[in-house]
Amino acid sequence: MYSDKVMDHFENPRNQGTIEDADGIGEVGNPQCGDIMKIYIKVRDDIIEDVKFQTFGCGAAIASSSMATEMIKGKTVKEAWDLSNKAVAEALEGLPPQKLHCSVLAEEAIHKAINDYRAKNGLEPWEEKGGHQEHHH
Amino acid sequence: FIYMDNAATTPTRKEVVDAMIPYMSDNFGNPSSLYSIAELSAEAVETARSQVASAIGALPKEIYFTSGGTEADNWAIKGVAFANRDKGNHIITSQVEHHAVLHTTEWLEKQGFEVTYLPVDKYGMVSPGDVRDAITDKTILITIMTANNEIGTIMPIAEIGKIAREKGVLFHTDAVQAAGHIPLDVSEMNIDMLSLSGHKFRGPKGTGALYIGKRVKIDPLMHGGAQERHRRAGTENVPGIVGLGKAIELSAAEMEEESGRISSLRDMLIQKLLEIPKSYLNGHPKIRLPNNVNIVFEYIEGESILLMLNRRGICASTGSACSSKSLDPSHVLMACGLPHEIIHGSLRLTLGHDTTEDDIEYVVQNIREVVQKLRNMSPLTPPELRNN
Amino acid sequence: FIYMDNAATTPTRKEVVDAMIPYMSDNFGNPSSLYSIAELSAEAVETARSQVASAIGALPKEIYFTSGGTEADNWAIKGVAFANRDKGNHIITSQVEHHAVLHTTEWLEKQGFEVTYLPVDKYGMVSPGDVRDAITDKTILITIMTANNEIGTIMPIAEIGKIAREKGVLFHTDAVQAAGHIPLDVSEMNIDMLSLSGHKFRGPKGTGALYIGKRVKIDPLMHGGAQERHRRAGTENVPGIVGLGKAIELSAAEMEEESGRISSLRDMLIQKLLEIPKSYLNGHPKIRLPNNVNIVFEYIEGESILLMLNRRGICASTGSACSSKSLDPSHVLMACGLPHEIIHGSLRLTLGHDTTEDDIEYVVQNIREVVQKLRNMSPLTPPELRNN
Ligand SMILES: Cc1ncc(COP(=O)(O)O)c(C=O)c1O
Ligand SMILES: Cc1ncc(COP(=O)(O)O)c(C=O)c1O
Ligand code: FES
Ligand code: FES
């Protein structure tokens, strides 16, 4: 059902954990849906210097968190913001259709973390897409 | 690999396969035909009918072969509903039935029937008193499963049968998880109809049977030829029927020994898994199928447990929404009153003929590791349960 | 023995049995499960789906597995009836359909549907013009078989499909006798639903499929689990499905050669049997299944012919009431306008893969003798046909 890439990120998740003095934290989902994703970012000079995640969810949710954190590490905040769930799913060599929404979670958690960082630094939050599209738990 | 999902399906046992093969390419006649080779098929079907009948205390002529448990459930419920519409339009069932029952009654609701879905207690048990109270003068059918497929709880079907008989209402039981595993007797238990499925007791997939007692008025679900005494049309799946008969005969003969052995392995597994902190048993602690373990681990999600166990060669199942195509969490665990987030961490392990004590050790060890690994990853896990 | 009843059922071919065996005790996983061994089952089911699809010009996702031809027919007809009740309640079929269709539509009549049973010509052929004329604004389904199981007549289904499509009415065809034997293409022929059955083309008994095109709105017949994309519940009969796929793939590949060979044996058999005085061919002389011979011998009765042939090692079938459990003479031969007493003397011989020219000789010789023997016994036989 899952690609080898998904299974690799699932079994050996990259960037799993927390950042004590994070510059931004984003949390999405809720336990009732069976998925919660929390992203921690450390930003220096507009660069995502470090990123960690915690996820309660299925294989796709965990693998998406892992892949998404890898993809934004070392990128500018704007580049991180522009990471789409589609890109995450593609990097994972595809997700089953009923699991696409799990990669949306990653995109949303990153947006939340970035806006948290912006808010803490007195910046206008960027406009989030809002809501869990295709998320029909 | 270690297969602990025997409630989903079982391997077809060798004796059964051996019994089936001769009816594929050699004694392949259509039992309805007149010539000698067809008589061999017809006799084989009748032997299987007796085997099924004697396993559940029925008469051979009360057994009808189907394509599985789903067909048996659909037939019993729709067949009685349509044939007894003049008597009433009310059906009683429970919230923890298999979808083969629930989606059937939901469809019947669209056709103008009224259905009562009885609640269950925290162990998933239906109360006979609730059944009695739900009966009205419009009630034409009570359908309550013998044992639950997710949590293993065994229902008080003898009591329910007694009530149904007293009130003159037909009683169907979905015994798909029970048949071949625990003793059943349709006459002692006042059961009017009983569904079973071959692949749940090491028989072939795509085979099942419906017991229909003599007082039942029922329409066919499969209209067509005169097979099964005009009640279930379609050329008989002779090898499948032979396999079903053989499997249930062997299961009945071995039941006592096998269920003793398996239930002590089950108890060992339950005890060791409950040593993991924040884990709870689902289903009734005692009145449960010999092979069923259903346990919840807080803070983690079932599909990810399954995937990690699979990498370690362990096959299991969960009630988590994330693992189901419909993305709905288990309706059974919901009916037991568990909150969503707990349901997500449920794991079902169903033991089988091949399960050994070593398997139990291996599985416990791996579940411990996997649970810890996932708890380390989860944002919900309290600090004292993390080790990272 | 010489088996000439391939329309009743066929032996499962060796390649098919060999393909099935690995999915019984080894790769036995439930295709709905998450672990690796279950993926093997799921993949095997998808391979079979493609095999069936490509044999009839459909897409894999339009193929749904069933427990046989009867289930496919029941599902197509009841499923469309219940799902389209808001659009209308009229169904068109023919008088010569299999009972899997006719008893289904009769049951639907009890549920408030109206059914037109089109007559046929003396060859058992439905006229496309009659179909067109029968369509009303309440018509929700046309169901006409591809080829008749008793007399082998092949229906003008491409024309009927065209009419149905023009009028916007769904068209189902029972291709149980045709699939695997003659070319079929659901898109060229404008077929919306097509039933087929594995055991009619050397596949396993208890397996079948329903093709459902994209414009079809249909209720399930089997409610329950999420199998078959939520449309046909029940744990998949994986070995059976694998066998069905293999059998149809092989049949499609061999069809041209096989049907050429078999139809010349058929013509040889027809020609020689018609040399017996007062014998007539039933069904269309040309537009008939490659393997079907249906012939009437005046003055004698079918069951006795069969019994005598059986003693000589020949397996065949008849439309005589005496051989059927219901004691009704063939509704097909009746619809063709044959008088009762003629119908009683009908004999169906359906050739198969194993039929040889020697078999034809042997069968003709024996039928000659049996017919003479029975005619000598019959009070109806005119003196010039007796030799005693
Ligand atoms: C309790 C119960 N009822 C019905 C069924 C349906 O049986 P089958 O899948 O053999 O059609 C199952 C198993 O899937 C079951 O566990
Ligand atoms: C034309 C036709 N339709 C339907 C069926 C029913 O198929 P099955 O017996 O495989 O259910 C048959 C064969 O018995 C048939 O010949
Ligand atoms: S987290 Fe529930 S489906 Fe992925
Ligand atoms: S003569 Fe005996 S059944 Fe017809």
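Since the structure is predicted, the reported quantities are computational estimates derived from the model, not experimental observations. Letters A, B, ... mirror the listed sequences (proteins, then strands); counts begin at 1. No hydrogens, no waters, no symmetry mates; every other heavy atom, side chains included, goes into these values.
Of the listed residues (B:N74, B:V101, B:I314, B:T207), the one with the most heavy-atom contacts under 4.5 Å to chain C is B:N74. Put simply, of C:L102, C:D73, C:I37, the one with the most heavy-atom pairs under 4.5 Å next to chain B is C:I37. Heavy-atom pairs under 4.5 Å with chain C were tallied for B:D26, B:D5, B:V238, B:L306; the largest tally goes to B:D5. Between chain B and the residues C:E106, C:H98, C:Q111, the most heavy-atom pairs under 4.5 angstrom are made by C:Q111. Most heavy-atom pairs under 4.5 Å with chain C, from the set B:G206, B:C315, B:G225: that is B:C315.
Within the 4.5 angstrom heavy-atom criterion, only side-chain atoms of C:R85, from C-beta onward, approach chain B. For chain C, no part of B:L309 is nearby; none of its heavy atoms comes within less than 4.5 Å. Both the backbone and the side chain of C:T104 come within less than 4.5 Å of a heavy atom of chain B. For chain B, the nearby part of C:R232 is the side chain; its heavy atoms alone come within less than 4.5 Å. Only the backbone of B:E236 comes within less than 4.5 Å of a heavy atom in chain C; its side chain stays farther off. Within the 4.5 angstrom heavy-atom criterion, only side-chain atoms of C:D219, from C-beta onward, approach chain B. When heavy atoms are compared at a cutoff of 4.5 Å, C:I241 does not approach chain B at all. Looking at C:T10, only its backbone comes within 4.5 Å of chain B, counting heavy atoms on both sides. Only the backbone of C:A316 comes within contact range of chain B, with heavy atoms under 4.5 Å apart.
In this structure a side-chain-to-backbone donor-acceptor pair under 3.5 Å is present from C:K78 to B:L221. C:N30 places a side-chain N or O within donor-acceptor distance of the main-chain N or O of B:A8, the cut-off being under 3.5 Å. Without hydrogens or angle criteria, B:N310 side chain to C:S36 main chain gives a donor-acceptor distance under 3.5 Å. Side chain of B:T70 to backbone of C:G224: no donor-acceptor contact under 3.5 angstrom is found. Side-chain atoms of C:K205 do not come within 3.5 Å of backbone N or O of B:M24 as any donor-acceptor pair.
If you look at B:F1 and C:Y35, their ring centroids are not closer than 6.0 Å.
C:N237 and B:S67 are not linked by any side-chain donor-acceptor pair at a separation below 3.5 angstrom, with hydrogens and angles left out of the test.
You'll find the side chain of B:H223 stays beyond 4.5 Å of the side chain of C:H99, heavy atoms only.
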